[in-house]
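Each remark here refers to the structure printed beneath this line.
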Amino acid sequence: MDPLSLTFAALADPTRRAILARLAQGEATVNELAEPFDLRLPTISKHLKVLQRAGLVAQTRKAQWRPCRLEAAPLKEVATWVWNYREHWEESFDRLDAFLSDMNSANEEKPK
């Protein structure tokens with residue numbers, strides 16, 4: 001699977017997105033990452049493996065702890081890919097704006 005597909009697959013799960021949001025605030029251990037969820041540690045570890053495979057999370061070693069940290073580079077690739085469709089959105093908004101303008105003009109021309 002290509003890196004962008006791995007990133008999108010990792011982001012498809014709300015638990016993994018919540019883990020990334022937590023890691024955006026700073027490093028955390030698996031126990032700390034598991035606190036807000038009603039999930040067992042092995043389940044959190046499986047989510048972390050998916051995030052690590054996508055390059056979104058790195059795990060280091062500090063004494064007996066293995067804190068996780070966010071790796072944001074794959075998110076930038078996602079943002080760049082999505083940004084490529086900005087022109088399409090802007091054209092859609094321009095067409096909607098023109099349509100609403102025509103409707104307003106038609107309503108103003110109707111006799112009351």
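When reading the values below, keep in mind they use all heavy atoms of this one structure, side chains included, and skip hydrogens, waters and symmetry mates.
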With a 6.0 Å cut-off (strictly less than), is the heavy-atom count around CH2 of Trp83, excluding the residue itself, greater than 12? no
In Å and rounded to the nearest 0.5 Å, what is the CD to CH2 distance from Glu27 to Trp65? 13.0 Å
Distance in Å, Glu77 CD paired with Phe8 CZ, rounded so as to fall on 0.5 Å steps: 10.5 Å
Atom CZ in Arg86, atom CZ in Phe93: separation rounded to 0.5 Å? 12.5 Å
Among Asp13, Leu20, Leu11, exactly one meets side chain to side chain contact (heavy atoms under 4.5 Å, CB included) together with Leu51. Which residue is that? Leu20
Please report the closest heavy-atom contact between Leu23 and Cys68, naming both atoms and the distance. CD2-O, 3.4 Å
Keeping Gln59 on the side-chain end and Arg66 on the backbone end, is there a donor-acceptor pair under 3.5 Å? yes
Report yes or no: do Trp81 and Leu6 belong to one cluster of Ile/Leu/Val/Met/Phe/Trp/Tyr joined by side chain heavy-atom distances under 4.5 Å? no
Heavy atoms only: give me the nearest Ile44-Ala34 pair and the separation to one decimal. CG1-CB, 3.7 Å
Is the shortest heavy-atom distance from the side chain of Glu71 to the side chain of Leu56 under 4.5 Å? no
Without swapping roles, check the side chain of Ser5 against the backbone of Met1 for a donor-acceptor pair under 3.5 Å. no
Hey, is the main chain of Ala10 close enough, under 3.5 Å, to the side chain of Arg16 for a donor-acceptor pair? yes
I'd like to know whether Val30 forms a side chain to side chain contact (heavy atoms under 4.5 Å, CB included) with Ser45, so could you lay out the CA-CA distance, the side-chain angles of the two residues, the decisive distance to 0.1 Å, and finally the verdict. CA-CA 7 Å; Val30 175; Ser45 291; 4.0 Å; yes
According to salt bridge (Lys or Arg N to Asp or Glu O under 4.0 Å), does anything in residues 32-55 pair up with another residue at least two apart or in another chain? List the pairs. none
How about CD on Glu87, more than 12 heavy atoms from neighbouring residues, nucleotides or ligands closer than 6.0 Å, or not? no
Is there side-chain contact between Phe99 and Asp94, with heavy atoms separated by less than 4.5 Å? no
Closest non-hydrogen atom pair, Pro74 against Thr7: CB-OG1, 3.7 Å
Do you reckon Val57 sits in the same ILVMFWY cluster as Val50, going by side-chain contacts under 4.5 Å, direct or chained? no
At their closest point, which heavy atom of Thr60 faces which heavy atom of Arg69, and how far apart are they? CG2-NH1, 3.0 Å
Keeping Thr43 on the side-chain end and Leu39 on the backbone end, is there a donor-acceptor pair under 3.5 Å? no
